[in-house]
Amino acid sequence: MATAVDVAGLVDRARDGEPRAVARLISLVEQGSAQLPLVAAALAPHTGHARVIGITGAPGVGKSTSTNALVRAFREQDKRVAVIAVDPSSPFSGGALLGDRVRMGDHATDPGVFIRSMATRGHLGGLSWATPQALRVLDAAGFDVIIVETVGVGQSEVEIVALADTTLVLLAPGMGDGIQAAKAGILEIADVFVVNKADRDGADQTARDLKYMISLGRKDREGPSWRVPVVKTVAARMEGLDRVVEAITEHQSWMAEHGELTERRLRRAGAEIEAIAVERVRTRFGPVDQLAKRVVEGELDPFAAAELLISGNLRP
């Protein structure tokens with residue numbers, strides 16, 4: 001039987017900046033603790049202040065290096081920064097394959113930085129199901145900026161839009177990313193394009209290709225729309241990071257002016273409510289093995305099986 005936790009005390013300590021309390025709250029989220037409703041209720045009055053930045057892109061474009069550089073840039077502005085690094089997870093253990101200290105050891109001893117790796121646990125969208133609740137913990141704990149770095153497995157990364165206020169899509173020259181970005185989904189999710197490793201041949205052409213594709217996309221839109229900037233960086237040398245931070249700030253200002261920030265956060269809250277409700281329903285239903293067997297054997301069709309599951313009447 002799980003030991004009860006002093007939720008109010010834990011939340012108070014997290015708000016006072018105690019890293020262990022923040023880590024413990026996120027662990028409760030990941031474990032699906034029965035005390036999660038109490039945690040959520042205690043956090044709710046203290047949320048809504050942090051800027052949430054999503055970083056995504058194909059493997060090899062330098063997401064972790066760019067995240068590390070962004071943390072440093074925000075710390076130079078005296079911002080408290082939290083990072084959730086959503087890692088690929090083992091299909092057997094569900095554990096994260098990459099550790100936070102391996103990724104961003106430069107900031108391991110900085111009290112103004114909190115870094116946490118979270119496993120996808122097989123979730124195809126590239127984000128752990130617990131990530132939205134973890135964001136609430138970090139927001140309530142007083143972090144000014146929360147960076148969510150995703151696995152980077154291709155177009156399934158579009159799910160980051162549901163969580164982030166501003167989404168950075170990273171590309172690198174010589175990897176075919178210009179063509180990949182033109183495909184449905186990837187082009188639309190970017191609020192800022194970052195061409196990293198810009199000291200390589202082909203960086204200027206990649207940036208030109210992106211600007212051309214952005215210009216084509218704008219022709220189909222009515223009303224005010226954000227002009228997506230393309231920023232070239234060499235994150236390993238901190239080159240261009242000031243412009244990335246500037247682009248993020250400009251995007252935040254644009255959203256506030258046009259009501260987009262409120263709309264995004266409403267959609268985020270709606271998606272979070274839906275995910276919790278679906279998980280509760282799934283837990284209530286229990287395993288569907290019996291119904292699946294009957295579908296395979298042709299005794300039931302999937303729609304009839306779903307109706308039986310919803311009704312709770314598994315023996316028609």
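Just so it is clear, the model here is predicted, and its values are computed rather than measured. Quick note: numbers below take in every heavy atom, side chains included, and nothing from hydrogens, waters or symmetry partners.
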Any side-chain heavy-atom pair from D242 and E246 closer than 4.5 angstrom?
no

Interatomic distance, CD1@I146 vs CZ@R80, rounded to 0.5 Å, equals 10.5 Å

Locate the shortest heavy-atom distance separating A164 from T167; write the atom from each residue and the value.
CB-OG1, 3.6 Å

Quick one: do E260 and R267 make a salt bridge, cutoff under 4.0 Å?
yes

As an exercise, state the distance from CZ of R200 to OG1 of T206, rounded to the nearest 0.5 Å.
11.0 Å

Check ion pair E272-R265 (N to O, under 4.0 angstrom):
no

Taking only residues two or more places apart in sequence or in another chain, which ones pass side chain to side chain contact (heavy atoms under 4.5 Å, CB included) with R208?
D204, Q205

Test applied, side chain to side chain contact (heavy atoms under 4.5 Å, CB included); reference residue, V83; option that passes from L138, V71, N68, L70:
V71

If hydrophobic clusters are built by linking Ile, Leu, Val, Met, Phe, Trp and Tyr wherever their side-chain heavy atoms come under 4.5 Å apart, do V234 and V194 end up in the same one?
no

How close do Q77 and V245 get, heavy atom to heavy atom, and via which atoms?
NE2-CG1, 3.4 Å

So V296 and K293, do their side chains get closer than 4.5 Å, heavy atoms only?
no

What's the separation between atom CG in L43 and atom CZ in R136, rounded to the nearest 0.5 Å?
8.5 Å

Inter-residue atom distance D6.CG - R24.CZ, 0.5 Å rounding:
11.5 Å

Establish whether V39 and I276 are linked, either directly or via other cluster members, by ILVMFWY side-chain heavy-atom contacts under 4.5 Å.
no

For W226 against D191, the heavy-atom pair lying closest together
NE1-O, 2.7 Å

Say you draw a straight line from OG1 of T233 to CD of E239; how long is it, rounded to the nearest 0.5 Å?
9.0 Å

Any non-hydrogen side-chain atom of V137 less than 4.5 Å from a side-chain atom of F114?
no

With a 4.5 Å cut-off on side-chain heavy atoms, are P132 and R268 touching?
no

Determine, step by step, whether S27 and R116 satisfy the side chain to side chain contact (heavy atoms under 4.5 Å, CB included) criterion, reporting the C-alpha distance in whole Å, the side-chain angles of both residues, the deciding distance to 0.1 Å, and the verdict.
CA-CA 10 Å; S27 292; R116 178 71 171 236; 3.0 Å; yes

Below 4.5 Å, heavy atoms only, C-beta onward: do V228 and V230 meet side chain to side chain?
no

Tightest non-hydrogen contact, residues A69 and M238, listed as CB-SD, 3.4 Å

Test your reading of the model: is there a side-chain donor-acceptor pair from D165 to the backbone of Q252, 3.5 Å cut-off?
no

Would you say that R51 contacts F74 through its side chain, given a criterion of any heavy-atom pair below 4.5 Å between the two side chains?
yes

Do the side chains of D139 and H49 get nearer than 4.5 Å, heavy atoms only?
yes

Closest approach of G202 to P173 (non-hydrogen atoms, all atoms of both residues)
C-CB, 3.6 Å

L170 to K63 - nearest heavy-atom pair and separation:
CD2-CA, 3.8 Å

Is V195 reachable from I189 through a run of hydrophobic residues whose side-chain heavy atoms are each under 4.5 Å from the next?
yes

Is there a side-chain contact between R243 and P229, using heavy atoms and a 4.5 Å cut-off?
yes

Just checking, is any N or O donor in the side chain of R264 or T166 under 3.5 Å from an acceptor N or O on the other one?
no

T249 side, atom OG1; W254 side, atom CH2 - distance, nearest 0.5 Å
16.0 Å

